[in-house]
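Keep in mind that what you see is a predicted model, and the values were worked out from it rather than measured. Below, read A as the first sequence line, B as the second, and so on, with proteins coming before strands; counting in each chain starts at 1.
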Amino acid sequence: MQIERDVPVHAGNPDRYDVKAVESYWQAQWEREELAKTEVGDKPKFYCLEQFPYPSGHLHMGHVRVYTLGDVIARYRRMNGYAVLHPMGWDAFGLPAENAAIKSGIPPRVSTMNNIAYMKHQMQEMGLSLDWSREVTTSEPEYYRFTQELFLLFFERGLAYQKEGPVNWCPSCETVLANEQVVEGACWRCDSPVTKRDLRQWYFRITDYAERLLQDLEGLDWPTEIKVQQVNWIGKSVGAEVVFPIPELGEKISVFTTRPDTLYGATYVVLAPEHPLVERLIAGKPNADAVRRFVAEERVRSDIERTAETSEKRGMFTGAYAQHPLTGQAVPIWVANYVLMDYGTGAVMGVPAHDYRDWQYARKYGLPIRVVVTPKLPVPEDLVAEREYSLPGVLVDSGPFTGMGSEEAKAAIAEHLAERGLGGPRVTYRMRDWLISRQRYWGAPIPVVHCPDCGVVPVPKSQLPVLLPENATFTGRGASPLAQIAEWVNTTCPRCGGPARRETDTMDTFVDSSWYFLRYTSPGETDRPFDPQAVAFWLPVDEYVGGKEHAVLHLLYSRFFTKVLYDAGWVPVQEPFRRLLAQGMVVYRGAKMSKSKGNTLSPETILSEWGTDATRLFILFAAPPEKDFEWTEQGVEGAYRFLQRVWRLVMREEAVPSGDTAVQDDAVRRARARAVKKVTEDLGDRRAFNTAVSALMEYTNFLYQAVGSASPPVRREALETLVLLLAPMAPHLAEELWRRLGHGESVHRQSWPTYDPRWLKEEAVEIAVQINGKVRARLTVPADLGEQELVAQALADERVRAAVGQGAVTKSVVVPGRLVSLVVR
RNA sequence: GCCGGGAUGGCGGAAUCGGCAGACGCAGAGGACUUAAAAUCCUCCAAAGGGCGACCUUUGUGCGGGUUCAAGUCCCGCUCCCGGCACCA
C-alpha cells in the first residue's frame, strides 16, 4: 500500500513526527474549512456544551480538562452522523474585572476584552472544534439587553420583587450575596466571612418553583452526587402548621413542625430573635429591657458566630403566654437563638421529650418535659431521663389521639387542626428566594426606574438596553460606582415623564449564565433573546460538561430560568440539561492547584512542550472524567510515546515486505472489530474515555505484531480504522495520518467505523475449569462447542481428573465462552 | 449529627448483567540494536512458597460475618477517607 510521505508541507520523518508543525498546520486548515461550523439539515441534532469560562486572563488546567472532554464528545457525535452544536462564549461580567480597575485603572470592559482575546487564542491552540461564529459575551450590550429583557419578563410575571430584610453581605466584595453563594459562612469567591445587613434588595421568586425543581430531578441523567446536593438544598419538609393563640394580645403565633404527632408534648413556644411579634409580647413586661438587649446581641452576630457554638442555646422568657391549641393550657413564650427567622415561620413549639434541641433547652432552663410518644407500653420510667425520644412510636396522654401510631397521628392531628382553623398540613422548603441585586458596576443594570410618583417602573423593552455608562470611576470605596454618576442616575420616568432615578444595582452574574445556552442557538437575533424555533430544535443540551462546584449554583438557577421561560411559552422544554458530566478536579503534586501552594501548572507550558494531542490523550486516559485527575510528567510522556508509536506503525507500512501476507487476515479483522466495538461503546453512552484509550493501545500493540502478515486491503482497513477511532481524541495526528493514507477529505468528516459482528466470534476460546470453586485447569476449545461436549472435554483433561480424584461430579455449571464449574463430592 | 460517594499491585486505574481479579499505562528489571548514550523494539513484573524448567501450590480487592457451584461485584454488621449540608423545627 501507498503511504504519501510528502503531503502536505511539514517536517517529520517515519520515526517521529513534528508535533508543532502538524498541530498548527491543521488548526489553520480546519478553520479555513469551517470544520466545526454547526450544520443544520435532516441529521439528528446533538447539543454538546461545556460551561463557559469567566475571562480571567488565562486558561487553567481545569479548563483544559473540561474542554477536552467536550471536544471529544462533539467530534465523536459528528462522525456518528449528528448535526452538532458546539459553541463557546464568555461569562464576562464579574467582580475581578472591576477589582482590577480599582487597582490598575484599566476599565473593566478593556481588560475583559483583552482577556477574551488571549483565552480565545489559547482555545484555538487546543484545536477545539468550536463554532466561533456563535460566540457570546455576556458583558456586551447585544447580550445583556436581553438579560434585562428577561428580567422584565420575570417582573411582569411577579417573579422579580424587592424586599427589605437581613441579607448576606461580603465586606471584601462590598456587595450582597445569594444564599447559594455563602459557603460555610464565607463568600464563595473570596472566602471572606459573610456578615448580615438589613437592606432593600431585588429577588427572584425561585421558591415558587421549589417543588418542580425537586420533582423534575428524577428524569435527569445526572450524577447522583449532584442531584442529592440539589435535593438537600431545596430541603423539602412535610409536616403541619400549628397556631398558638395569644389571648392577651388577640394575636397568634404560627409554628411549623414535622412532628404534629408530638403536639400534646408541647410545653412552650419559642420565637426567633428577629420575630416581629417579640416587641409586642414584651411591651410592659418586667424583663422587657433584658429581652431587648438579648435580641440586639443576637441580631449582630454573623452566621459563623451563631453556628460556631452549636451546642450553646441561649434564650429568655418573654413574660407572655400562648394557649395550647388542643389542650387550652397556657404555655410560656420564649425567644431563643436556636430558632431561625428564615426557616418555616420563625417560631417553633418546644417538645422537649421528643426533640433533641428542645430537650437540651428545656433542661437548661428548667421547662417541663412531657412524654407523649413511647416505643412500648407501659411508658418506660427513664425514657427521656438521659436524652429525648425522637423515634416514632405510640401516642400517650394525647387526648383523642392516644393509642395511635405516630404516622397515623401526624395526619389525624394535622387534619383536626385544619378543621378547627388552627393550622393544618403544610410543606416547607429550606431554599430561599434568589437575591439577584449587586452593588457593583460590572454587571447588567437592573432595568427599572424609581419614580417619586409612580414608584418602581420597569424600563420599557423599547428603551433597552440600559447601557452601562463608560465614564465610571473605580475607587473601591463607598457605594456602587453607578450611584455616583449623576447624569446616569437621573432620568425621566417612563410612565409619567417626571424626574426619576435609575436603579443603581446590577444583576448577579449567575443571571447572565442562566440563559446563555439558549442564546447560542440563535446568537444573531437582534430583537429577541433567541429564536424559539432554534431553541425548540436544539434544546435540551444533550451533554453538559462542567465542574461539581456549580451543583447548587449555576445548575439550579439555569433549571429555574428554563422553567420560567417554559411557563411563559418561550421555550418548549422544562429542563435545560438532559445529561450532565460533572468532571473532577485537576490535581498536581498531591493537591488541588493553587498559587499559595505553589503547585500551579500553566497550560501554555504544557501545550507547547507536549502538544495538544498528547495532553488531551493523557487527560482522557489517566482517570475517568468524574474523578479527580492527577497531572504527572511521566503520564503525559506515556501518552506522547503512544502517539509517536501510532505514527511509526502507520508510516512504516511502505517498508513491510509484501511477500508472506494474508496469514493474519482473520486475526486482524477480529482485533479490528473488537477495537471498534469497545471504542464506540466507551465514547458513546459510557463516556469511559480512559478505557477507550486503553483499547486503542491494545489494538496498536496487536497491529505491531500482526499487521505485517496481513494482506494489503486488510492492512489498510486495519490502519485506517485505527486512525478513525483515534480522531476524536487525538484530532491532529489522526488528520495528518489520514491524509498521508491518501485521503483528500478531513478525517473529521468521515463516518464512524462499523464492523461485522461475525468477527467478534473467536475461533477458539480459553475456558476455565473450576472444581469446587477453584480454577484447576484451562482448556482451549472451539468457540462453538456445546455445553455437554464442553463438560466432557473438561472431564477428560488430565489435571481435572487429578483434581476430581475419587469424588463424584454432583453438579456442573457452564457459562458459554467463559468457564465450566464442577461440584465434586 | 444527617446525606452522598469511595477503599483493588510500588503508582494511576480495568473488570459494563454474580463467571479466570489486576486490562492499559507509569515506575522497575532483563534482553536486542548502538563505539556509547538517548530513542526504539522485544520479554518479565500481586504476595508467599516449591520446581532446572514449561509450570505447580497457597493467600489476596479496607475489616468481620453471610448467600452462592462461583463474590471486587449481592446481603448484614463495622473501620477509615473524600465531598455536601448542618440548631432547617
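- Counting to the nearest Å, the C1' atom of B:A27 and the CZ atom of A:Phe618 are 13 Å from each other.
- If you take CZ of A:Arg259 and P of B:A89, they are 12 Å apart, rounded to a whole angstrom.
- On the C1' atoms, B:A54 is 39 Å away from B:U35, given to the nearest whole Å.
- When only modelled atom types and interatomic distance are considered, A:Tyr356 and A:Gln360 share no side-chain donor-acceptor pair under 3.5 Å.
- To the nearest angstrom, P of B:G83 lies 17 Å from CD of A:Glu626.
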Name the pairs: protein N/O against N/O of nucleotides 37-40 of chain B, kept only if under 3.5 Å.
unit_1	atom_1	unit_2	atom_2	d
B:U40	O3'	A:Arg648	NH2	3.1

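- Here B:C87 is the nucleotide among B:G84, B:C87, B:A27 with the atom lying nearest to any side-chain atom of A:Lys313.
- No donor-acceptor contact under 3.5 Å links the side chain of A:Lys811 to the base of B:C69.
- Annotation: the span from A:Asp358 atom CG to A:His354 atom NE2 amounts to 10.5 Å, rounded to 0.5 Å.
- Nucleotides B:G84 and B:U73 have their C1' atoms positioned 27 Å apart, rounded to a whole Å.
- Defined by atom type and a distance below 3.5 Å, a donor-acceptor pair is missing between the side-chain atoms of A:Glu225 and A:Gln229.
- The only option from A:Phe642, A:Phe629, A:Trp610 that meets the ring-ring contact (aromatic ring centres under 6.0 Å, His included) definition with A:Phe618 turns out to be A:Phe629.
- A donor-acceptor pair under 3.5 Å is formed between the side chain of A:Asp628 and the backbone N or O of A:Met585.
- Both tests do not hold together for A:Lys313 against A:Tyr361: distance to the six-membered ring centre under 6.0 Å, angle to the ring axis within 45°.
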Take A:Tyr389 and A:Asp355, measure what side-chain hydrogen bond (donor to acceptor under 3.5 Å, both in side chains) needs, and give me the verdict at the end.
-> CA-CA 7 Å; A:Tyr389 175 74; A:Asp355 180 279; over 6 Å; no

Base-contact (B) and sugar-phosphate-only (S) positions in nucleotides 3-19 of chain B, heavy-atom cut-off under 4.0 Å, - elsewhere = SS-------BSSSB--B

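- For the residue pair A:Glu180 and A:Trp233, a side-chain donor N or O sits within less than 3.5 Å of a side-chain acceptor on the partner.
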Under-3.5 Å N/O pairs linking protein and nucleotides 54-61 of chain B:
unit_1	atom_1	unit_2	atom_2	d
B:U58	OP2	A:Arg776	NH1	3.4
B:U59	OP2	A:Lys774	NZ	3.0

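- Remark: the backbone N or O of A:Arg686 is not paired with any side-chain donor or acceptor of A:Glu681 at under 3.5 angstrom.
- In this model, no donor atom of one side chain and acceptor atom of the other lie less than 3.5 Å apart for A:Glu766 and A:Thr780.
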Between protein and nucleic acid, restricted to nucleotides 43-46 of chain B and to nitrogen or oxygen atoms under 3.5 Å apart, what atom pairs and distances do you find?
none

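- Rounded to whole Å, the distance from CZ on A:Arg674 to P on B:A23 is 16 Å.
- Remark: the A:Tyr76 side chain and the A:Asp682 side chain contain no N/O donor-acceptor pair separated by less than 3.5 Å.
- Here CE of A:Met697 is found 10.0 Å from CZ of A:Arg641. Values are rounded to the nearest 0.5 Å.
- Because its NZ or CZ atom is both nearer than 6.0 Å to the ring centre of A:Tyr704 and within 45° of the ring axis, A:Arg645 counts as a cation-pi partner of that residue.
- Rounded to whole Å, the C1' atom of B:C26 lies 23 Å from the corresponding atom of B:A32.
- What separates CG of A:Leu271 from C1' of B:A89 is a distance of 13 Å, to the nearest Å.
- A:Lys678 and A:Glu698 are not joined by a salt bridge, as no carboxylate oxygen comes within less than 4.0 angstrom of a charged side-chain nitrogen.
- Rounded to a whole Å, the CZ atom of A:Arg430 is 8 Å from the P atom of B:C85.
- For A:Trp188 and B:G83, the CH2 to P distance is 19 Å, given to the nearest whole Å.
- Rounded to an integer number of Å, the gap from A:Lys236 NZ to B:A89 P is 13 Å.
- Nucleotides B:C78 and B:A89 have their P atoms positioned 25 Å apart, rounded to a whole Å.
- With C1' as the reference atom, B:C41 and B:U34 are 13 Å apart, rounded to whole Å.
- Taking the C1' atoms as reference points, B:G10 lies 36 Å from B:C3, given to the whole Å.
- In this structure, A:Asn701 reaches the sugar-phosphate backbone alone: every heavy-atom distance under 4.0 Å involves primed, P, OP1 or OP2 atoms, never a base.
- When only modelled atom types and interatomic distance are considered, A:Thr267 and A:Arg370 share no side-chain donor-acceptor pair under 3.5 Å.
- Annotation: B:G12 and B:A86 have their P atoms spaced 32 Å apart (nearest Å).
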Check the pair A:Phe256 / A:Ser237 against side chain to side chain contact (heavy atoms under 4.5 Å, CB included), numbers first and verdict last.
-> CA-CA 10 Å; A:Phe256 173 71; A:Ser237 290; 4.0 Å; yes

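- Classified by its glycosidic torsion, B:C17 falls in the syn category, the angle being within 90° of 0.
- Expressed to the nearest 0.5 Å, how far CH2 of A:Trp434 lies from CG of A:Leu553 amounts to 9.5 Å.
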With pairs defined as Watson-Crick or G-U wobble and both distances under 3.5 angstrom, please note down RNA chain B as a dot-bracket string, | for pairing with another strand.
-> (((((((..(((......[....))).(((((.......))))).(((((....)))))..(((((..]....))))))))))))....

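- Nucleotide B:G28 is shown with an anti base, its glycosidic torsion being more than 90° from 0.
- Applying the salt bridge (charged side-chain N to carboxylate O under 4.0 Å, His left out) rule to pairs touching residues 811-822 of chain A yields nothing, sequence neighbours excluded.
- To the nearest whole angstrom, the two C1' atoms, one in B:G51 and one in B:U58, are 15 Å apart.
- Heavy-atom distances to RNA chain B give each of A:Ala695 and A:Leu822 a nearest nucleotide, and the one nearer the 5′ end belongs to A:Ala695.
- Using a 4.0 Å heavy-atom cutoff across all strands shown, A:Gly235 reaches no nucleic acid atom at all.
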